[in-house]
Number of protein chains: 2
Amino acid sequence: MNIGQASAASDVSAKMIRYYESIGLIPKAGRTEAGYRVYTTTDVNTLRFIRRARDLGLAIERIGLLVGLWRDRERSSAEVKRIAEAHVAELEARILELTAMRDTLRELADACRGDHRPDCPILRDLEGGGRRPGRRRIDLRQCASAPAAQPDAVGKLTG
Amino acid sequence: MNIGQASAASDVSAKMIRYYESIGLIPKAGRTEAGYRVYTTTDVNTLRFIRRARDLGLAIERIGLLVGLWRDRERSSAEVKRIAEAHVAELEARILELTAMRDTLRELADACRGDHRPDCPILRDLEGGGRRPGRRRIDLRQCASAPAAQPDAVGKLTG
DNA sequence: CCTTGACCTTCCCACGATGGAAAACCCCAT
DNA sequence: ATGGGGTTTTCCATCGTGGGAAGGTCAAGG
């Protein structure tokens with residue numbers, strides 16, 4: 001099987017197959033005399049495995065670990081589970097971030113009349129940096145550990 | 001004010017300030033005789049605006065539009081709102097994707113005993129690509145146009 | 001005046017995962 | 001044998017950010 005056929009069989013683009021090989025995620029494929037890469041059904045199964053894992057959002061590095069465990073008959077399922085749960089935790093963290101962004105922006109958009117007039121709470125918020133009371137901020141620790149950005153400095157700046 | 005002070009005051013790294021200038025998101029800063037960039041409080045306000053917008057996950061291009069509207073007294077809030085809502089829609093789409101991934105992986109992890117034994121539903125799922133009934137798949141069109149990766153092959157592999 | 005250290009400048013490289021494109025080569029069918 | 005389509009490598013781009021090198025500048029202190 002050449003790379004095009006392996007690609008069609010695994011739903012991984014030829015480009016990505018070569019890339020995975022170049023970074024060592026999959027072993028170097030055999031070659032024909034003319035230099036064409038040659039794949040077996042085993043290789044295709046590995047590629048399908050990788051494709052599934054990518055669909056679940058796993059990073060390449062983590063997929064490498066999983067492929068290793070997959071091939072290892074002595075593996076403990078605990079190791080696999082640990083990797084999966086690490087990824088679940090990362091997904092949840094990301095989901096929380098995005099949800100916070102969405103909520104803030106949703107609130108602002110809802111508060112904006114969206115008419116022909118220039119007045120707009122969205123721009124006011126971006127401009128003001130959320131220093132008005134009662135406004136929930138995503139994360140505001142910029143001033144901490146920023147040696148020159150104390151409120152005074154801002155005051156001096158704006159004055 | 002030089003770039004370091006502007007950076008501290010806006011909480012945007014000097015590196016990023018130069019980058020924003022290079023891509024035209026902010027105008028080219030004035031220079032001292034020695035070539036140092038010079039910033040005003042107005043510039044710092046723009047940088048703070050950009051920082052806030054980045055914190056909300058807006059792409060640079062979209063931020064450019066917002067900065068333009070921000071400066072435009074003749075803007076209509078409808079335009080601003082449209083941009084915000086486009087971003088909310090993208091955030092929600094991304095959240096749905098990540099949530100689907102998390103749910104699938106969560107299910108699999110919950111079904112995995114996580115002990116010393118090698119048996120693991122997570123690996124079975126990645127391997128099988130969800131051909132077992134009752135398992136929800138994110139997207140499954142791999143099998144169409146896949147001439148060489150029959151279930152038999154999987155059987156050969158694991159056997 | 002000279003040194004020192006902190007700052008600034010430009011330019012290049014890297015990330016992660018993917019796509020695009022060019023130039024050359026190969027294979028199969030007509 | 002020729003043409004069209006597959007394959008090879010290599011380089012470039014994305015997006016936003018960081019790191020670092022090599023060199024100029026500035027301010028403070030000897």
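Per chain, numbering begins at 1; letters A, B, ... match sequence-line order.
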Legend entry - Presence of Arg37(B) side-chain N/O under 4.0 Å of dC7(C) phosphate oxygens OP1/OP2: no
Inset, instruction - Give a yes or no on whether Met1(B) and Ile17(B) share a hydrophobic cluster (residues Ile, Leu, Val, Met, Phe, Trp, Tyr; joining criterion: side-chain heavy atoms under 4.5 Å apart). - result: yes
Inset, instruction - Look only at the side chain of Arg51(B) and the backbone of Asp11(B), and say whether a donor-acceptor pair between them is shorter than 3.5 Å. - result: yes
Legend entry - Short side-chain N/O contact to dT8(D) OP1/OP2 from Arg18(A), under 4.0 Å: yes
Atom pairs, N/O to N/O, protein against nucleotides 1-6 of chain D, distance under 3.5 Å?
residue, atom, partner, partner atom, Å
dG6(D), N2, Tyr36(A), OH, 2.8
dG6(D), N3, Tyr36(A), OH, 3.4

Inset, instruction - Look only at the side chain of Arg75(A) and the backbone of Leu69(A), and say whether a donor-acceptor pair between them is shorter than 3.5 Å. - result: yes
Strictly under 3.5 Å: I want the nitrogen or oxygen pairs between protein and nucleotides 15-21 of chain C, one per line.
residue, atom, partner, partner atom, Å
dA17(C), OP1, Ile60(A), N, 3.0
dA17(C), O3', Arg54(A), NH2, 3.4
dT18(C), OP2, Tyr20(A), OH, 2.9
dG19(C), OP2, Ser13(A), OG, 3.3
dG20(C), N7, Lys15(A), NZ, 2.8
dG20(C), O6, Lys15(A), NZ, 2.6
dA21(C), N6, Lys15(A), NZ, 2.7

Inset, instruction - Decide, yes or no, whether a salt bridge links Arg113(B) with Asp115(B) under the criterion of side-chain N to carboxylate O below 4.0 Å. - result: yes
Inset, instruction - Quick one: which residue pairs count as a salt bridge (Lys or Arg N to Asp or Glu O under 4.0 Å) with a foot in residues 81-96 of chain B, not counting sequence neighbours? - result: Arg102(A)-Glu92(B), Arg106(A)-Glu85(B), Arg62(B)-Glu90(B), Arg94(B)-Glu97(B)
Inset, instruction - Say whether, by atom type as modelled, one donor and one acceptor occur between the side chain of Ser7(B) and the main chain of Ile3(B) under 3.5 angstrom. - result: no
Inset, instruction - Mind calculating the distance between CD1 (Ile17(B)) and P (dG18(D)) to the nearest angstrom? - result: 11 Å
Inset, instruction - Rounded to 10°, tell me the angle between the two end axes of the helix from dC1(C)-dG30(D) to dT30(C)-dA1(D), each built from five pairs. - result: 40°
Inset, instruction - Could you tell me whether the side chains of Thr40(A) and Asp43(A) share a donor-acceptor contact shorter than 3.5 Å? - result: yes
Legend entry - Test item: Glu107(B) side-chain N/O and Thr104(B) main-chain N/O as donor-acceptor pair under 3.5 Å: no
Inset, instruction - Return yes if some donor-acceptor pair links the side-chain N/O of Asp125(A) with the main-chain N/O of Gly128(A) below 3.5 Å, else return no. - result: no
Inset, instruction - State whether the side chain of His87(A) and the backbone N or O of Leu56(A) hold a donor-acceptor pair below 3.5 Å, judged by distance alone. - result: yes
Inset, instruction - Under 4.0 Å from any atom of DNA chain C, heavy atoms only: list the residues of residues 24-32 of chain A that qualify, in numerical order. - result: none
Inset, instruction - Spell out, yes or no, whether Ile60(B) and Val80(B) are grouped together once hydrophobic residues are joined by side-chain heavy atoms under 4.5 Å, including indirect joins. - result: yes
Which side-chain N or O atoms in residues 19-29 of chain B pair as donor and acceptor under 3.5 Å with protein atoms at least two apart or in another chain?
residue, atom, partner, partner atom, Å
Glu21(B), OE1, Ala29(B), N, 3.4
Glu21(B), OE1, Arg37(B), NE, 3.1
Ser22(B), OG, Tyr19(B), O, 2.8

Inset, instruction - Kindly say whether Arg117(B) contributes a backbone atom to a donor-acceptor pair with the side chain of Ser77(A) at under 3.5 angstrom? - result: yes
